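A short worksheet on the structure shown next.
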2 protein chains.
Amino acid sequence: MAQTLHNFHFEDLLNKHHLKKTAPRLRVLSMMSSRNTATSQPDLESVMNDIDRVTLYRILSAFEEKGIIHKVFDLNGTANYALCTSNCDEGHHHDEHLHFNCTQCKNVYCLNDLQLPAINLPVGFVPQAFTLYATGLCPKCSKKAVKQ
Amino acid sequence: MAQTLHNFHFEDLLNKHHLKKTAPRLRVLSMMSSRNTATSQPDLESVMNDIDRVTLYRILSAFEEKGIIHKVFDLNGTANYALCTSNCDEGHHHDEHLHFNCTQCKNVYCLNDLQLPAINLPVGFVPQAFTLYATGLCPKCSKKAVKQ
DNA sequence: ACGTTAATTGTAATATTGTTGCGTTTACAT
DNA sequence: ATGTAAACGCAACAATATTACAATTAACGT
C-alpha cells in the first residue's frame, strides 16, 4: 500500500517541474499517494470540498501535463487519476501498463509491473502509446464473491 | 469502406433483439455502418440534430445493452460508439480488440482483426474482459505527416 | 526582512454532457 | 381495426467541464 512518501518528496517533485508549492497541490499529491488505486475526480472533489472545483481541475491538468499524474477513464467514463511511477516527461507519458477496473467496487488499479506484449498494427498506423485495459474483479471483491 | 449493409439488414438486427424498427434507430445504425471509425456522441448529436438528445442516449444505451454496439472513450473521455462485429450477446460484449485513437484527427478505429496476446494478471485479479488501447497516428494522418 | 511580480487560487458565469419524469405517439401483435 | 407496451419528445434538472477576471500568495531579488 502507499508509497509512504513524505511532504518533502512532494515539494521536490513540484520544484522539479517548476510548480509552486501550494497547499492544494500538496494535498492532492498526498491523497493520491495514500491510495493503491487511482482516484476518481468525484472522489477528489468530495474529499477536497474546501478547495475550489476549478482549482482542482487546473491542478490535475497541470500535473498531467508535467507528467506527474496520468488520467484514465473507467467503465463509466469518469476520469481517474494516479501518480506516474517514473520517467514521465513533460507532455510525454510512459504509462504503458495495465489498468484494471473492478466492476464491483469500481476502483481502478494501475498494475505497473505488468509488461505489455509487443503488438503489430496494420500498415499505416503509427503508435505512440499503448494501454491495456481490463475489467473484472479485484482481489478484495473476488474474495468476497467466493465467501458468499 | 463501410460494410455496405442495407436497411433490411438493420431491420433484421432490430427484430432479432426485439427492438421496434423506428426511424431514429435505423438512422443511427445506418450512420454508424457508413463509417470505418467509431462515431462520437457529439458527432451523432450534431448530425441527427432533429432527433431528441434524450432519444439518442436511450437508443445508444439500448443498443449497447443488446450487444449491437459498443462504447469506447477516447483520449478526451468522450464516448464513441461502434457496431459490434459479431457474437455480442445481451449484456455480454466480446469486443476484445484494439481501439486505436488518432491524436491528430481524433478518430477511433476498431481494429477487430487484431488478436490480443494472453495476459497474466497478479493473483487475486479475476479478469472478465480486456481492451487494448493505442494512441498515435492513423494511416491518413501519418501520410499527411510525411508529406509535410 | 521586504516589496515586486508572475503564478496560482477563488468566484461567477456559462457550456457541455448525461439523467429523470411524464405525457404523447407509434409499432406491432392480436 | 384496435389495444397495448414500447418508444419518442419535451421539460426540468444534475453532473461535469471550461472561460474570464479579480484577489491572493509563493518565490525571487534586493
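Residue numbering restarts at 1 for every chain, and letters A, B, ... go by the order of the sequence lines. Every heavy atom of this structure was used, including side-chain atoms; hydrogens, water molecules and symmetry mates were not. Please read these numbers as outputs of a predicted model, since none were measured by experiment.
Closest-nucleotide positions on DNA chain D for B:Arg53 and B:Leu19 were compared, and the one nearer the 5' end corresponds to B:Leu19.
If you check every strand for non-hydrogen atoms under 4.0 Å, B:Arg25 touches sugar and phosphate atoms only. Among the heavy atoms of the strands, none lies under 4.0 Å from A:Glu45.
Between the side chain of A:Thr135 and the main chain of B:Gln128, no donor-acceptor pair closer than 3.5 Å is present. Side chain of A:Asn80 to backbone of A:Gln41: no donor-acceptor contact under 3.5 angstrom is found. For the pair B:Asn76 (side chain) and B:Thr78 (backbone), a donor-acceptor distance under 3.5 Å is absent.
Remark: A:Thr22 is not in phosphate contact with C:dA7, judged by side-chain N or O atoms under 4.0 Å from OP1 or OP2. Put simply, A:Thr55 has a side-chain N or O that comes within less than 4.0 Å of OP1 or OP2 on C:dG10. OP1 and OP2 of D:dA15 both lie 4.0 Å or more from every side-chain N or O belonging to A:Gln41.
Using a 4.0 Å cut-off between charged nitrogen and carboxylate oxygen, A:Asp43 and A:Arg35 count as a salt-bridge pair.
In terms of polar N and O atoms assigned as donor or acceptor, the side chain of A:Arg58 comes within less than 3.5 Å of the base of C:dG10 in a complementary pairing.
Following rounding to the nearest Å, B:Asp52 (CG) and D:dA12 (P) show an atom-to-atom distance of 14 Å.
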